[in-house]
Amino acid sequence: MAKLMELEVLSPSRTLVSKDDVVYVLFDTITGGIGVLANHAPLLAALKEGPLKIQGAGGAITIAYLEGGFAEVKDNKIVILTPRAELAENIDVEHYEQLQQEARARLENPDALTDIEHTEKILRRAQARLKTVKLAQDPKGLQL
């Protein structure tokens, strides 16, 4: 049997995940994707917007969206602190497709009032949520 880890995903408003039977976790850091198995070396990483893949002991896979934050891995426990997190099945695909289209249009034709940095952030977050949903539809095909 695989050695198990604990996982907590915390945001200011709630605890999204709290499990003690996790086999594998995959998340996107600012320098690339990282997969964590039991007995991983201690790690502190800054996260960027993107999917979180969690595989439980029974093989069940949970996919969630993380809006950046930090991950700490130590002594077979992973703690993720993020400003916002949501399970893939709760993401409103139509809403984020619309936001993505609007942000792209604003960036292609900015006017004097367009806040480029803010619009790029909206686009990144919409794309990350849509990527999370796509991953949830095919969890074995994860490519961060």
Side-chain angles (χ1 to χ4, degrees), residues 2 4-38 40-74 76-144:
L4 303 177
M5 301 177 290
E6 293 178 55
L7 171 67
E8 286 189 296
V9 179
L10 309 168
S11 72
S13 62
R14 66 185 172 140
T15 299
L16 182 73
V17 176
S18 181
K19 295 179 175 251
D20 60 2
D21 64 346
V22 175
V23 174
Y24 179 70
V25 176
L26 183 64
F27 47 82
D28 208 3
T29 74
I30 60 173
T31 59
I34 292 184
V36 179
L37 293 166
H40 194 285
L43 168 76
L44 185 59
L47 305 177
K48 69 178 191 176
E49 300 94 345
L52 168 70
K53 180 178 180 180
I54 306 160
Q55 183 176 349
I61 294 175
T62 302
I63 307 294
Y65 163 77
L66 299 176
E67 195 165 282
F70 295 92
E72 179 187 39
V73 178
K74 185 178 176 189
N76 289 322
K77 182 172 183 176
I78 304 167
V79 177
I80 295 175
L81 304 174
T82 182
R84 281 187 203 82
E86 61 188 306
L87 296 174
E89 59 264 21
N90 296 333
I91 295 173
D92 182 345
V93 173
E94 288 180 19
H95 173 72
Y96 289 103
E97 285 175 344
Q98 181 67 32
L99 273 179
Q100 177 179 252
Q101 289 174 0
E102 290 171 3
R104 281 187 177 148
R106 268 186 258 134
L107 290 170
E108 289 171 7
N109 299 303
D111 61 26
L113 299 177
T114 301
D115 182 340
I116 300 294
E117 186 177 327
H118 180 70
T119 304
E120 288 173 340
K121 186 187 309 183
I122 290 169
L123 178 59
R124 269 195 328 271
R125 290 176 177 175
Q127 289 172 330
R129 280 183 170 95
L130 294 171
K131 180 179 180 179
T132 300
V133 170
K134 185 177 180 184
L135 172 61
Q137 294 165 351
D138 181 20
K140 295 184 187 216
L142 177 59
Q143 296 295 320
L144 287 178

Close side-chain approach of [X] and [Y], heavy atoms under 4.5 Å:
X	Y	value
Phe27	Val36	yes
Val23	Leu4	yes
Leu52	Val25	yes
Leu16	Arg14	yes
Leu130	Gln100	yes
Ile116	Pro110	yes
Val79	Lys77	yes
Tyr96	Arg125	no

Nearest-0.5 Å distance that lies between atom [atom1] in [X] and atom [atom2] in [Y]:
X	Y	atom1	atom2	result
Leu43	Lys74	CG	NZ	12.5 Å
Leu81	Glu72	CG	CD	8.5 Å
Gln55	Met5	CD	CE	9.5 Å
Leu47	Asp28	CG	CG	8.5 Å
Glu120	Leu107	CD	CG	5.5 Å
Leu37	Tyr24	CG	OH	6.5 Å

Flag if over 12 foreign heavy atoms under 6.0 Å of CD, Glu117: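 Not buried by this count: 12 neighbours or fewer within 6.0 Å.
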Please name the pair of heavy atoms, one in [X] and one in [Y], separated by the smallest distance, quoted to 0.1 Å.
X	Y	result
Thr62	Lys19	OG1-NZ, 4.0 Å
Pro51	Leu135	CB-CD2, 3.7 Å
Ser11	Pro83	CB-O, 3.9 Å
Ala85	Val9	CB-CG1, 4.2 Å
Ala103	Thr119	O-CG2, 3.5 Å

Do the side chain of Thr29 and the main chain of Thr31 share a donor and acceptor less than 3.5 angstrom apart?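 Yes: the side chain of Thr29 pairs with the backbone of Thr31.
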Just by distance, do the side chain of Thr82 and the backbone of Leu66 share a donor-acceptor pair under 3.5 Å?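 Absent.
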Show your working on side-chain contact (heavy atoms from CB on, under 4.5 Å) between Glu8 and Ser18 and close with a plain yes or no. CA-CA 5 Å; Glu8 286 189 296; Ser18 181; 4.1 Å; yes
Could you walk me through whether Glu49 and Lys121 satisfy the salt bridge (Lys or Arg N to Asp or Glu O under 4.0 Å) test, starting with their C-alpha distance in whole Å, then the side-chain angles of each, then the deciding distance to 0.1 Å, before giving a yes or no? CA-CA 10 Å; Glu49 300 94 345; Lys121 186 187 309 183; over 6 Å; no
Give the intermediate values and the outcome of side-chain contact (heavy atoms from CB on, under 4.5 Å) for residues Ile54 and Ile61. CA-CA 6 Å; Ile54 306 160; Ile61 294 175; over 6 Å; no
Go through Asp111 and Arg106 one step at a time and tell me if the side-chain contact (heavy atoms from CB on, under 4.5 Å) criterion holds. CA-CA 8 Å; Asp111 61 26; Arg106 268 186 258 134; over 6 Å; no
Please check if any side-chain donor atom of Gln98 sits under 3.5 Å from a side-chain acceptor atom of Glu102, or the reverse.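 Result is yes, a qualifying pair exists.
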Step by step, would you call Leu7 with Ile80 a side-chain contact (heavy atoms from CB on, under 4.5 Å)? CA-CA 8 Å; Leu7 171 67; Ile80 295 175; 4.2 Å; yes
Between the side chains of Arg129 and Glu67, is the shortest nitrogen-to-carboxylate-oxygen separation below 4.0 Å, so that they form an ion pair?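 Arg129 and Glu67: salt-bridged.
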